Amino acid sequence: MRTENWQGNMRGLRLVGEGESGPVLSPYGPVRAGLTTSHRTLEAALLESLKCLEREVETLNSKYCEAYVTLVSVMEHLVRLIAIINAKDTTD
């Protein structure tokens, strides 16, 4: 988070409510007059983002588990094949 020159940014943000027109500087870029975000709106957006990330983590975890089960299955199959090949080599 950018903290340098925070006093100047706060002064600029106060001007938005006082009828200042045009872009105003904030730590996150220019802000146009009249565009304000309430705490509830921001919190709702953050909660939605968190839910989306949680769904993605669940999806990735499920895919990881599927890949792991497939890997274990293939490795077991390879072990059986190698055992059959070794058994034929010793009998020949």
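Not measured: the values here are computed from a predicted model. FYI, the numbering just counts along the sequence from 1.
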Problem - Check: Met75 and Val79 side chains under 4.5 Å, non-hydrogen atoms - result: no
Exercise for the section: Using atom types as modelled and distance alone, determine if a side-chain donor or acceptor of Ser73 lies under 3.5 Å from a backbone N or O of Val69. Expected result: no
Exercise for the section: Could you tell me whether Lys51 and Glu58 have a side-chain N and a carboxylate O separated by less than 4.0 Å? Expected result: no
Exercise for the section: Enter the distance from Glu54:CD to Thr59:OG1 here, rounded to the nearest 0.5 Å. Expected result: 12.0 Å
Exercise for the section: Quick one: pull up CZ in Arg55 and CG in Leu50 and give me the separation to the nearest 0.5 Å. Expected result: 10.0 Å
Problem - Ile84/Lys88 under side chain to side chain contact (heavy atoms under 4.5 Å, CB included): CA gap, chis, key distance, verdict - result: CA-CA 6 Å; Ile84 292 170; Lys88 285 185 180 181; 4.1 Å; yes
Problem - Interatomic distance, Ile82 atom CD1 to His77 atom NE2 [nearest 0.5 angstrom] - result: 10.5 Å
Problem - Derivation and outcome, salt bridge (Lys or Arg N to Asp or Glu O under 4.0 Å), residues Glu56 and Lys63 - result: CA-CA 11 Å; Glu56 287 297 319; Lys63 289 179 181 181; over 6 Å; no
